[in-house]
Amino acid sequence: MSSVIAPPVAAGLQDPLALRLARQVAAVSLDDLPAPVIAKTRTCLMDLIGCAFESKDLPWSMQARASIDPTPAGATLIGVRDRAGIGDAAFVNAVMGHGLVREDMHAGSISHLGVVVLPTLLALAQTRRISGRDFIAAVAAGYEVGGRIGRAVMDAQVARIHRPTGVTGPTAAAAAGARLLGLDVQASASAIGIAANTVLGYNQWAHTGGSEMYFQPGFVARNAVSAVRLARAGAFASPSALDGEAGMFSAFDKRAGASGVELFRGTPELLEVYHKPVPACNFAQTPSQAALEVARGAGVPAERIARIRVRVPRAGKLYPGCDHPGPFATVLQGKMSIQFNVAAALLTGAVSERNFDLLDDPRVHRLIRITSLEVDDAMTAAYPAQQGGAVEVVDVDGNAHEARLPDVVNASDEVVRARFRDAVTAALGAARAAQIEQAIETLERSDDAGAMVALLGA
């Protein structure tokens, strides 16, 4: 625990945001969380773990592991034999969890909170004996902080340059880590304040297909672990690091919004998270699903399509890399492009990882050339509460076929669980997959969350 006493807040003034968040985070208890939040924690864990197993042999995952020094007595790396120091384990697991671009999504903050909060907690849970109850409470706290801060800071203009997960993730993951280790209010505020100083990530990768995107959550998780451990060792951070005149909110010209940030007011942010059915950018999800409806309903062969019109919220068209007609030098560029994902869905009648084998396919590029991507005013007004998408296909005879979805279709708990089982079974066998699933299902009854984490190693 921290032994440093912070300078007192002047009487009559509102407490700085980091201190307010720290008090609310420290008070989070499993007893106060509704059953759907606890269930959602399990789903988020399975989604992250399943993605990490599926992506563990992809180039960026192997590069992340190659960049660290294995430590036999260290923390678990998902799906592999090596172990690593706590910070390095958080880094590698976050990169692998992000490796498919199929991580969970919180639309209100435009952030992938699971790939930063969960790897941080998985690493810290192996530093001391942590109950499953505290682990679940920490997950809920982390998503809540990230979601609330993201709603106050992020918008389409900010997201054109700054990676949202790099902005919201550090404080979210640090708050979660502070709750997990039971830091007092002052130490928790310092962890949040230190983490705010590590806000990072630019979106230039989306214009070039650069792989830095995959590593950004890893940096966040590693920095969050450091922030929590520094605060536990007594480091003191400015309580106004978030909302001060030279703090994080001011950096984005959002200082006025800091006063409205309050945790667990209304629907918990964890319940606002959806799980991607498509291994692609968040903003490509709904258009891809609409394209599938057209492909399955109209049955128009790709060669008979004369014109395609795609409509999305303004945020979707503006987000870097989403309005990209090609050419595509990397898979990541294809995963970001709304035009590519719609064209591939119309051509194949599916949305899967196999679609990204078609980056140079002339049939896809013909469809992209006849595609217009437009902003829909009604979808823009409904966003981010709803993330709509529409696809209209006109065939060579002039017949129009359209599908309009008011919101993204969430991958159900059953789908996430099935993906998790398949991925873990393929890597470790059915018996271990069942053992891990059971450990997640009974986590709130466990007195050692680290035992669940240890099962994830090869």
Side-chain angles (χ1 to χ4, degrees), residues 100-102 274-319 321-380 382-383 386-412 415 419:
L100 297 179
V101 197
R102 202 191 65 198
Y274 82 87
H275 301 278
K276 289 182 179 180
V278 180
C281 173
N282 166 58
F283 291 113
Q285 300 291 313
T286 320
S288 296
Q289 293 168 338
L292 273 185
E293 287 202 8
V294 172
R296 292 168 179 171
V300 180
E303 63 271 16
R304 290 185 56 79
I305 296 175
R307 188 168 67 254
I308 303 167
R309 182 187 182 199
V310 182
R311 283 169 287 167
V312 296
R314 178 173 177 268
K317 184 172 171 61
L318 288 183
Y319 196 82
C322 288
D323 183 5
H324 181 42
F328 307 103
T330 68
V331 168
L332 185 54
Q333 286 180 306
K335 285 178 177 271
M336 294 301 300
S337 168
I338 293 173
Q339 292 97 322
F340 175 86
N341 282 279
V342 167
L346 290 171
L347 178 66
T348 66
V351 284
S352 73
E353 195 68 25
R354 289 189 295 275
N355 284 13
F356 302 104
D357 294 333
L358 305 173
L359 293 181
D360 299 321
D361 193 297
R363 298 170 299 170
V364 171
H365 284 275
R366 187 191 81 80
L367 294 179
I368 291 174
R369 285 195 299 272
I370 59 174
T371 297
S372 63
L373 180 62
E374 305 171 9
V375 171
D376 185 287
D377 291 339
M379 293 178 192
T380 299
Y383 180 84
Q386 291 185 307
Q387 186 172 289
V391 172
E392 180 187 54
V393 169
V394 178
D395 63 28
V396 293
D397 297 321
N399 301 309
H401 313 274
E402 182 177 16
R404 183 183 180 94
L405 300 179
D407 200 5
V408 65
V409 179
N410 193 0
S412 67
V415 168
R419 296 188 310 209

Colleague: Can you name the closest pair of heavy atoms from Val294 and Val391 and give their distance?
Modeller: CG2-O, 3.7 Å
Colleague: What residues, two or more places apart in sequence or in another chain, satisfy side-chain hydrogen bond (donor to acceptor under 3.5 Å, both in side chains) together with Ser372?
Modeller: Glu374
Colleague: Got a sec, which residues hit ring-ring contact (aromatic ring centres under 6.0 Å, His included) with His275, two or more places apart in sequence or on another chain?
Modeller: none
Colleague: Do any side-chain atoms of residues 338-346 form donor-acceptor pairs under 3.5 angstrom with protein atoms, and if so which ones, sequence neighbours left out?
Modeller:
from: Gln339; atom 1: OE1; to: His324; atom 2: N; distance (Å): 3.2
from: Gln339; atom 1: NE2; to: Asp323; atom 2: OD1; distance (Å): 2.7
from: Asn341; atom 1: ND2; to: Gly334; atom 2: O; distance (Å): 3.0
from: Asn341; atom 1: ND2; to: Lys335; atom 2: O; distance (Å): 3.4
from: Asn341; atom 1: ND2; to: Ser337; atom 2: O; distance (Å): 2.7

Colleague: Determine yes or no for a side-chain-to-main-chain donor-acceptor pair under 3.5 angstrom, with Gln289 supplying the side chain and Leu405 the backbone.
Modeller: no
Colleague: Could you measure the distance from the CG atom of Asn355 to the CG atom of Leu347? Nearest 0.5 Å is fine.
Modeller: 8.0 Å
Colleague: Residues in side chain to side chain contact (heavy atoms under 4.5 Å, CB included) with Ala400, at least two apart?
Modeller: Glu392, Val394
Colleague: Do you know which two heavy atoms are closest between Ala411 and Val415, and how far apart they sit?
Modeller: CB-CG1, 4.1 Å
Colleague: According to the salt bridge (Lys or Arg N to Asp or Glu O under 4.0 Å) rule, which pairs have a member within residues 397-406, sequence neighbours left out?
Modeller: Arg304-Asp397, Arg311-Glu402, Asp376-Arg404
Colleague: Going by side chain to side chain contact (heavy atoms under 4.5 Å, CB included), name the residues that satisfy it together with Ala350, two or more places apart in sequence or in a different chain.
Modeller: Thr348
Colleague: Which heavy-atom pair separates Ala284 from Ala280 by the least distance, and what is that distance?
Modeller: CB-CB, 4.4 Å
Colleague: Before you tell me yes or no, could you show the steps for Asn282 and Gln387 under side chain to side chain contact (heavy atoms under 4.5 Å, CB included), namely the whole-Å CA-CA distance, both residues' side-chain angles and the distance that decides it to 0.1 Å?
Modeller: CA-CA 9 Å; Asn282 166 58; Gln387 186 172 289; 3.0 Å; yes
Colleague: Are the side chain of Gln386 and the backbone of Ala382 linked by a donor-acceptor contact shorter than 3.5 Å?
Modeller: no
Colleague: Kindly say whether Gln285 contributes a backbone atom to a donor-acceptor pair with the side chain of Lys276 at under 3.5 angstrom?
Modeller: no
Colleague: In chain order, what residues pass the ring-ring contact (aromatic ring centres under 6.0 Å, His included) check against Tyr319, with sequence neighbours excluded?
Modeller: Phe283
Colleague: Which heavy atom of Leu100 sits nearest a heavy atom of Glu353, and at what distance?
Modeller: O-OE1, 4.4 Å
Colleague: Looking at residues at least two apart in the chain, or sitting in another chain, which of them share a side chain to side chain contact (heavy atoms under 4.5 Å, CB included) with Arg366?
Modeller: Ile305, Arg369, Ile370
Colleague: Under the rule for side-chain hydrogen bond (donor to acceptor under 3.5 Å, both in side chains), what residues qualify as partners of Tyr383, not counting sequence neighbours?
Modeller: none
Colleague: I would like to know whether Ile368 and Phe328 meet side chain to side chain contact (heavy atoms under 4.5 Å, CB included); could you show each step before the answer?
Modeller: CA-CA 12 Å; Ile368 291 174; Phe328 307 103; 3.8 Å; yes
Colleague: I'd like to check the salt bridge (charged side-chain N to carboxylate O under 4.0 Å, His left out) partners of Arg363; sequence neighbours left out, ordered by chain and number.
Modeller: Asp361
Colleague: Could you pull out all residues at least two apart from Arg296 that satisfy salt bridge (charged side-chain N to carboxylate O under 4.0 Å, His left out)?
Modeller: none
Colleague: Which pair of non-hydrogen atoms, one from Leu367 and one from Thr371, has the smallest distance, and what is that distance?
Modeller: O-OG1, 2.6 Å
Colleague: Search all heavy atoms of Thr286 against all heavy atoms of Gly389 and return the closest pair with its distance.
Modeller: CG2-N, 3.4 Å
Colleague: Apply salt bridge (charged side-chain N to carboxylate O under 4.0 Å, His left out) to Asp377 and list each qualifying residue two or more places apart in sequence or on a separate chain.
Modeller: none
